[in-house]
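Below is one structure; the comments refer to it alone.
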Amino acid sequence: LTLFGFVCADSVASIYTPLILVKPWLSVYFLLLLTCISVALMNLVTAVLVEGALESADADKDLLRHEQQEAVKTHVPRLMQLFNELDA
């Protein structure tokens, strides 16, 4: 629970304040740790969102390609008939 609270920066002052009062140099350590964890967590969330968007875009492209192929299959016979009539 303490690690989870630290990663989320939820009420972590009660954890690191007594330590900093005893050893002031720990303030640099905790500042760097909080910064790195926050940036890493933001990067992780961003990566998940971007991955989902890319998968959605690929699915949309596949659906569009399939729809275009179906349209070609339905229009080609009629076009062939029209060209044959024009050639005759």
Side-chain angles (χ1 to χ4, degrees):
L1 183 62
T2 303
L3 182 60
F4 182 74
F6 190 81
V7 169
C8 295
D10 182 37
S11 302
V12 292
S14 62
I15 298 167
Y16 62 76
T17 302
L19 294 171
I20 290 174
L21 291 176
V22 174
K23 296 181 181 179
W25 62 270
L26 285 176
S27 61
V28 174
Y29 171 77
F30 285 118
L31 180 66
L32 290 174
L33 188 64
L34 275 171
T35 303
C36 291
I37 288 175
S38 298
V39 170
L41 194 58
M42 285 188 293
N43 283 341
L44 183 64
V45 170
T46 302
V48 169
L49 292 174
V50 167
E51 184 68 27
L54 289 175
E55 288 177 3
S56 177
D58 286 341
D60 289 345
K61 285 180 186 177
D62 290 341
L63 180 63
L64 181 63
R65 186 178 303 118
H66 180 69
E67 288 175 353
Q68 288 175 343
Q69 288 174 348
E70 291 297 318
V72 167
K73 286 180 184 177
T74 59
H75 294 300
V76 166
R78 177 68 179 138
L79 287 173
M80 293 298 288
Q81 180 186 1
L82 288 173
F83 287 139
N84 287 335
E85 289 176 7
L86 289 174
D87 284 343

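Computed from a predicted model, the values in this text were never measured in an experiment. Numbering starts at 1 and runs along the sequence shown. Just so it is clear, the values below take in all heavy atoms, side chains as well, and ignore hydrogens, waters and symmetry mates.
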Using atom types as modelled, flag every donor-acceptor pair under 3.5 Å from a side chain in residues 73-88 to any protein atom, sequence neighbours excluded.
from : atom 1 : to  : atom 2 : distance (Å)
T74  : OG1    : E70 : O      : 3.4
T74  : OG1    : A71 : O      : 2.8
R78  : NH1    : Q81 : OE1    : 3.3
Q81  : NE2    : E85 : OE2    : 3.4
N84  : ND2    : M80 : O      : 3.2

Kindly compute the distance separating CD (Q68) from CG (L63), expressed to the nearest 0.5 Å.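 Q68 atom CD to L63 atom CG measures 10.0 Å (nearest 0.5 Å).
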Got a list of side-chain donor-acceptor pairs under 3.5 Å for residues 17-37, not counting sequence neighbours?
from : atom 1 : to  : atom 2 : distance (Å)
T17  : OG1    : A13 : O      : 2.5
S27  : OG     : P24 : O      : 2.8
T35  : OG1    : L31 : O      : 2.8

